[in-house]
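Step one of this worksheet: look at the structure below.
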Number of protein chains: 2
Amino acid sequence: MASKQVVIVGAGFAGLNAAKRLGNVEGVAVTVIDRENHHLFQPLLYQVAMAALSPADIAVPIRSLLARYRNIRVLKATAQTIDVAHRKVVTDAGEIPYDYLLLGCGAQHAYFGHEEWEAHAPGLKTLPQATEIRRRVLEAFETAERETRAEERRRHLTFIVIGGGPTGVELAGAIGEMSRYTLARDFRSIDPRQTRVILVEAGPRILTSFDDRLAARAMRDLESLGVQVWTSARVTDVTDEGVVVGSEKIAAATVLWAAGVRAADIGRSLGAPVDPAGRVITGPDLTIEGHPEVFVLGDMSSRAGPNGRSLPGVALVAMQEGVYAADIIRKEIRKGAQISRPAFKYVDLGQMATIGRSRAISEFRGLKLTGVPAWWFWLLVHIYRLSGFRNRLSVLVQWAWSFMTFGRGARLIVAKDWQSYPEVAAAPPAFEAKVNRGNS
Amino acid sequence: MASKQVVIVGAGFAGLNAAKRLGNVEGVAVTVIDRENHHLFQPLLYQVAMAALSPADIAVPIRSLLARYRNIRVLKATAQTIDVAHRKVVTDAGEIPYDYLLLGCGAQHAYFGHEEWEAHAPGLKTLPQATEIRRRVLEAFETAERETRAEERRRHLTFIVIGGGPTGVELAGAIGEMSRYTLARDFRSIDPRQTRVILVEAGPRILTSFDDRLAARAMRDLESLGVQVWTSARVTDVTDEGVVVGSEKIAAATVLWAAGVRAADIGRSLGAPVDPAGRVITGPDLTIEGHPEVFVLGDMSSRAGPNGRSLPGVALVAMQEGVYAADIIRKEIRKGAQISRPAFKYVDLGQMATIGRSRAISEFRGLKLTGVPAWWFWLLVHIYRLSGFRNRLSVLVQWAWSFMTFGRGARLIVAKDWQSYPEVAAAPPAFEAKVNRGNS
């Protein structure tokens with residue numbers, strides 16, 4: 001009997017966990033397609049943006065994660081569309097036929113029809129975006145140090161984070177803390193403690209997915225780090241000068257976007273209905289109507305949770321969905337026929353968000369924690385969940401070190417262009433003019 | 001008495017060591033100018049290119065290295081020219097006057113009049129270049145895995161390193177080893193052991209600065225890792241197809257350049273004579289003629305060593321020069337007058353080069369080592385010399401882990417552009433065509 005072809009598009013939490021579950025299973029040949037060569041531990045991405053961790057600490061090559069499964073092939077390619085009628089994935093490296101398809105390509109930032117804001121307010125979904133944010137934040141302090149005009153200096157020391165979900169809270173808290181403690185001793189002309197960090201949220205409160213009491217505590221923690229939290233404040237424009245909130249114009253050199261996501265566009269090529277955020281609407285078994293062989297997982301899919309609302313776009317949901325889909329496929333391949341499928345049921349293990357270096361809020365099966373205990377809990381969970389032993393160890397060393405010294409190990413501004421610097425190439429002519437003047 | 005203004009341009013080994021020596025010295029105000037925010041430990045840059053270390057492991061923010069010296073100001077700016085007549089440095093952030101100038105801006109790769117080769121054969125002098133080389137090498141294996149045409153696959157598995165100095169030897173050895181051990185188990189369609197790595201050297205032998213016997217041993221070590229060493233082979237063209245050596249055309253997707261350097265162009269603005277490699281010719285006290293206040297240090301300067309040849313462009317020379325210049329300045333400021341300056345004398349502590357994961361050659365005060373002992377010696381010296389404790393610890397953890405597992409922790413291909421992927425944005429139209437076809 002020929003093996004059944006299972007194609008997994010996207011090696012995020014859903015895809016990777018599905019692949020592992022299908023690894024070395026008889027009768028199954030798996031192809032994992034991803035446009036990157038690495039799996040990204042997205043919950044810690046903001047730590048790369050905030051210079052506490054390096055990209056390699058939160059990213060592991062997909063090939064090495066799956067090397068020991070002989071029935072899994074990894075293809076670095078960009079999936080362009082799904083041809084559901086002919087059961088194949090169209091990629092930039094050719095067409096890949098499938099018997100089962102697992103689609104988990106995640107989401108990207110959405111600017112609600114203002115895509116031109118992206119250049120001024122980057123979002124945080126990929127490693128290049130994280131290093132770009134790091135570059136902008138550190139560069140803003142460097143520019144302020146050089147700047148002699150008070151108003152311009154103030155603009156460079158103003159940071160605006162748009163969106164009061166966990167990512168926005170984590171970014172704003174980290175900038176507040178970095179400027180108060182880490183950078184304070186490094187600069188001579190500026191006092192980084194004069195930094196203004198403003199967290200702007202359109203809704204009436206931040207962290208809406210959390211309990212009221214926990215969210216209020218997070219707000220106080222943010223304020224103690226110097227972060228101003230503006231709720232019920234709607235951003236109406238973002239330019240290279242700053243942000244317009246209602247009728248107020250705030251001059252800010254650095255604006256970060258954490259306000260909304262849109263599912264990966266490839267979901268639309270399925271021909272199934274999508275919700276306003278572009279997520280594919282799936283049945284209780286996470287497949288699309290009429291195609292029990294097509295699973296849509298993680299942030300790409302919209303499926304009702306116990307309270308009628310769609311399940312949140314978090315790693316735990318995606319991981320459980322990947323395992324669920326893989327288990328159905330294993331059973332069906334073993335039986336050689338479609339089974340009666342149980343509905344997917346999310347086991348809610350809780351949620352957490354950190355504020356700065358030693359505070360957090362967390363909800364875990366009814367247990368609510370705040371402050372330092374929540375932060376230690378957060379640390380343990382994230383260290384444990386990091387894929388790959390080397391990373392765990394390296395992250396632990398770096399965190400321990402940062403914790404003791406208030407330092408930020410990865411505080412690098414790296415130029416975007418690898419070729420020789422244009423300034424250097426342009427130097428000789430400028431010099432000639434200069435020397436002539438000097439000698440005359 | 002007003003403090004004397006000492007301006008240090010370039011926070012490499014020379015500049016940084018001079019700055020530390022002048023730190024908290026009374027009567028001295030130091031400004032350190034660098035276009036980057038970090039000091040780079042260049043001897044380990046090839047390990048970043050070869051995915052064994054992360055950029056943050058070998059780079060430390062200049063501000064944190066110098067934070068405890070209250071008389072040192074760090075300015076992130078690009079120095080454009082030196083106005084020796086008026087004693088000021090012209091930068092993109094204004095003009096900086098000096099009483100003493102220390103110029104140590106290092107070198108960049110030179111293509112001997114074929115600058116158009118750079119796009120096809122990147123050199124290794126900066127972090128962006130290192131991550132670009134890493135991207136190209138890893139991408140070549142990924143492309144070979146996807147490729148079905150035998151000839152194209154072979155082209156992607158051919159790596160050419162031009163230049164048989166320590167950097168070229170280290171790069172070639174690392175590629176040979178990575179393909180034989182690290183990547184061998186990760187790929188399904190290709191056998192990375194079929195990789196061809198060719199080290200091309202125009203001279204009659206590699207590693208000319210080393211003893212004959214050591215160089216011969218390094219060559220055997222390279223060959224045992226599958227590297228072909230071609231000596232007396234002159235590269236006459238580099239294109240995106242590959243390399244022309246003499247009359248032979250070698251198809252290769254990845255070509256790396258380690259064949260020659262040129263001093264930073266800013267040296268020419270001094271008006272002092274320069275050698276063919278652009279290095280400023282200095283007197284025995286490392287200053288230029290007629291300007292005892294202008295020191296030129298490290299890879300930018302050309303000064304005769306004990307054998308009449310210019311001292312090599314290595315970290316040890318630069319460090320000793322930085323300390324030498326700083327000591328003269330300290331003494332003169334204390335005395336309030338120019339002293340009779342002793343000539344700079346290089347204390348030769350030796351040199352070393354590694355070949356792969358556990359072999360090296362080293363010369364240390366007459367002691368010549370090869371193989372595994374030389375590698376351990378190399379490891380100890382480099383761990384010890386890494387600036388900043390966190391990096392030492394992190395590098396040690398990563399090396400230990402790589403050593404045990406043959407893994408390469410930092411094996412990431414990171415996209416160059418941080419904005420949303422064009423492929424994704426372009427997907428919807430393509431999908432519509434597709435679905436229509438599917439339904440018709």
Side-chain angles (χ1 to χ4, degrees), chain A residues 36-38 54-56 59 61 63-64 67 73 75-78 80-81 83-86 93 108 118 122 127-129 132 138 142 146 185-186 188 264-266 268-269 271 390 393-394 397-398 401 407 409-415 417-420 423-424 427-428 430-431 434-435 438-439, chain B residues 36-38 54-56 59 61 63-64 67 73 75-78 80-81 83-86 90 93 108 118 122 127-129 132 138 142 146 185-186 188 264-266 268-269 271 390 393-394 397-398 401 407 409-415 417-420 423-424 427-428 430-431 434-435 438:
Chain A
E36 305 292 352
N37 81 329
H38 52 269
S54 283
R63 289 192 190 286
S64 43
R73 185 169 73 110
L75 187 65
K76 182 173 182 296
T78 302
Q80 290 157 331
T81 57
D83 182 349
V84 283
H86 301 95
Q108 60 187 83
E118 185 179 13
L127 280 177
Q129 285 167 352
E132 171 69 14
L138 297 176
E142 295 288 346
R146 282 197 303 260
R185 60 180 167 195
D186 282 359
R188 298 285 179 268
D265 289 324
I266 195 171
R268 292 168 201 256
S269 72
R390 187 199 72 92
L393 206 64
S394 166
V397 166
Q398 275 166 56
W401 186 242
R411 220 162 65 227
L412 299 184
I413 303 178
V414 176
D417 190 13
W418 63 270
Q419 292 204 339
S420 304
E423 296 96 325
V424 172
F431 124 65
K434 201 76 208 167
V435 165
N439 290 343
Chain B
E36 304 291 352
N37 81 329
H38 51 268
S54 283
R63 289 191 190 285
S64 45
R73 186 169 73 110
L75 186 67
K76 182 174 182 295
T78 301
Q80 290 158 332
T81 58
D83 182 349
V84 282
H86 301 95
V90 181
Q108 58 186 84
E118 185 179 13
L127 281 176
Q129 286 167 351
E132 170 69 14
L138 296 176
E142 295 289 345
R146 283 197 304 261
R185 59 181 167 194
D186 282 359
R188 298 287 178 266
D265 290 323
I266 195 171
R268 293 169 201 254
S269 72
R390 188 199 73 91
L393 206 64
S394 166
V397 167
Q398 275 166 56
W401 185 244
R411 219 163 65 226
L412 300 184
I413 303 178
V414 175
D417 191 13
W418 64 270
Q419 292 204 340
S420 305
E423 297 95 327
V424 172
F431 123 67
K434 200 78 210 168
V435 167

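Here is the naming used below: chain letters follow the sequence lines, and residue numbers restart at 1 for every chain. Keep in mind the model is a prediction, meaning the values are calculated, not measured.
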Subject >> Under the side chain to side chain contact (heavy atoms under 4.5 Å, CB included) test, residues paired with Ala67(B) that sit two or more places apart >> reply: Asp186(A)

Original post:
Nearest 0.5 Å, what's the NE2-CG distance between His38(B) and Leu138(A)?
Top reply: 11.5 Å

Original post:
In terms of heavy-atom pairs under 4.5 Å, which option from Ala93(A), Ala77(A), Ser64(A) contacts chain B the most?
Top reply: Ser64(A)

**OP:** Kindly give the heavy-atom pair with the smallest separation between Glu142(B) and Lys76(A), and that separation in Å.
**Re:** OE1-CB, 3.2 Å

